[in-house]
Amino acid sequence: MKAYLSLGSNLGDRGDYLEKSCLKLMAHPDIQVLKKSSIYETKPWGKTDQSDFWNQVLEIETSLTPLALLDYCQEVENSLGRERLIHWGPRTIDIDLLNYDNKLWDDHRLILPHPRMEQREFVLAPLREIAPELVLPSGRRVTEVRGDGDVWRLGAADNS
Ligand SMILES: Nc1ncnc2c1ncn2[C@@H]1O[C@H](COP(=O)(O)OP(=O)(O)OP(=O)(O)O)[C@@H](O)[C@H]1O
Ligand SMILES: Nc1nc2c(c(=O)[nH]1)N=C(CO)CN2
């Protein structure tokens, strides 16, 4: 199944955390990373009194179930020192599931598609780059919607 993950970091060496997260995802036998967006520097969304983030979106192919994928993403976050002290607060790395095979999911652990993705330019800009045809929860294409927040592309995606 095809899924899209949003990676974000605003603590420490942000590029290193993004790179290490991607490598750990690639290392899982049931996950293939098909595409990586460029990295974007982005103003903090929601809780604005914190450092700027670096964000990136990955397109993956996986045989994991949605919950197993969520569990592995949280394992990767924990292995990279993610501490959940303040909601929407600073983090070494955050990995959100944006979309999993266009499935709808809503339980106490997981909501799909991600309920706030359509308001977030830090998600939409990288997503527009690698999946312009993706349809959002509202039924609009990612190319038809602009979210809140300023973003700057930091350099071409490395899909080598
Ligand atoms: N689509 C999803 N992707 C990742 N986590 C999710 C998703 N839907 C629900 N969750 C739940 O959200 C909980 C809190 O996650 P976290 O603290 O990383 O929130 P956040 O990513 O900082 O905020 P936001 O959810 O607004 O992006 C997780 O423990 C997870 O169970
Ligand atoms: N720019 C930016 N802002 C955020 C981010 C993020 O990854 N980037 N993640 C949040 C909670 O998931 C809240 N705010």
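Each residue takes its place number in the sequence, starting with 1. One-based numbering, in listed order, for ligands and for the atoms of each. Bear in mind that the values here come from a model prediction, so they are computed numbers and not experimental data.
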Hey, is H108 one of the residues with a heavy atom under 4.0 angstrom from ligand 1? no
So, K43 and D52, do they make that salt bridge, N to O below 4.0 Å? yes
Regarding E41 and R14, does a basic nitrogen lie under 4.0 Å from an acidic carboxylate oxygen? yes
Is atom 23 (O) of ligand 1 touching the protein, meaning some protein heavy atom lies under 4.0 Å away? yes
Please check if a non-hydrogen protein atom sits closer than 4.0 Å to atom 13 (C) of ligand 1. no
Is the backbone N or O of [Y] less than 3.5 Å from a side-chain atom of [X], with the two atoms forming a donor-acceptor pair by type?
X    : Y    : value
N55  : L7   : yes
R128 : V145 : yes
R82  : L80  : no
E118 : S138 : yes
T42  : V151 : no

I need the atoms of ligand 1 closer than 4.0 Å to a non-hydrogen atom of [X], numbered in the order shown.
X   : answer
R82 : 16 (P), 17 (O), 18 (O), 22 (O)
W88 : 22 (O), 23 (O), 24 (P), 26 (O)
R91 : 22 (O)

So which bit of [X] gets within less than 4.0 Å of ligand 2, heavy atoms only: side chain, backbone, both or neither?
X   : value
N10 : neither
R91 : side chain
K43 : backbone

Looking only at distance, does [X] have an N or O less than 3.5 Å from an N or O of ligand 1?
X    : answer
R120 : yes
L97  : yes
E77  : no
L70  : no

I need the nearest protein heavy-atom contact for [atom]: residue, atom name and distance, please.
atom                    : result
atom 21 (O) of ligand 1 : D96 OD1, 3.1 Å
atom 31 (O) of ligand 1 : R109 O, 2.6 Å
atom 15 (O) of ligand 1 : R84 NH1, 3.4 Å
atom 29 (O) of ligand 1 : Q74 NE2, 3.1 Å
atom 12 (O) of ligand 2 : D94 OD2, 3.1 Å
atom 8 (N) of ligand 1  : I111 N, 3.0 Å
atom 25 (O) of ligand 1 : R116 NH2, 2.9 Å
atom 18 (O) of ligand 1 : D94 OD1, 3.0 Å
atom 3 (N) of ligand 2  : W45 N, 2.9 Å

Atoms of ligand 2 under 4.0 Å from any heavy atom of N55, numbered from 1 in the order shown, are 1 (N), 2 (C), 6 (C), 7 (O), 8 (N)
Considering the heavy atoms of D96, write down every atom of ligand 2 situated less than 4.0 Å from one of them. 12 (O)
In Å and rounded to the nearest 0.5 Å, what is the [atom1] to [atom2] distance from [X] to [Y]?
X   : Y   : atom1 : atom2 : value
I95 : E75 : CD1   : CD    : 10.5 Å
L18 : D13 : CG    : CG    : 9.0 Å
S51 : N10 : OG    : CG    : 5.5 Å

Looking at ligand 2, is there an atom of it that comes within less than 4.0 Å of some heavy atom belonging to G46? no
Using a 4.0 Å heavy-atom cut-off, say whether K47 meets ligand 1 through its side chain, its backbone, both or neither. neither
Same cluster or not: I130 versus W152, using hydrophobic residues (I, L, V, M, F, W, Y) connected whenever any side-chain heavy atoms lie under 4.5 Å apart? no
same_hphob_cluster(W88, L98) at 4.5 Å side-chain heavy-atom cutoff: yes
Flag for R141-T143: side-chain donor and acceptor within less than 3.5 Å: no
Apply the side chain to side chain contact (heavy atoms under 4.5 Å, CB included) test between N99 and each candidate in L134, L5, L112; give the one that qualifies. L134
Considering the options E129, Q56, R153, which one meets the side chain to side chain donor-acceptor pair (under 3.5 Å) requirement together with Y40? E129
Name the option, out of L110, V123, L98, that contains the heavy atom nearest to atom 2 (C) of ligand 1. L110
From atom 5 (C) of ligand 2, work out which of Y40, W88, F122 has a heavy atom at the shortest distance. F122
Would you sort out whether E77 and R84 count as a salt bridge (charged side-chain N to carboxylate O under 4.0 Å, His left out), showing the intermediate values? CA-CA 10 Å; E77 291 176 339; R84 299 162 184 271; 2.7 Å; yes
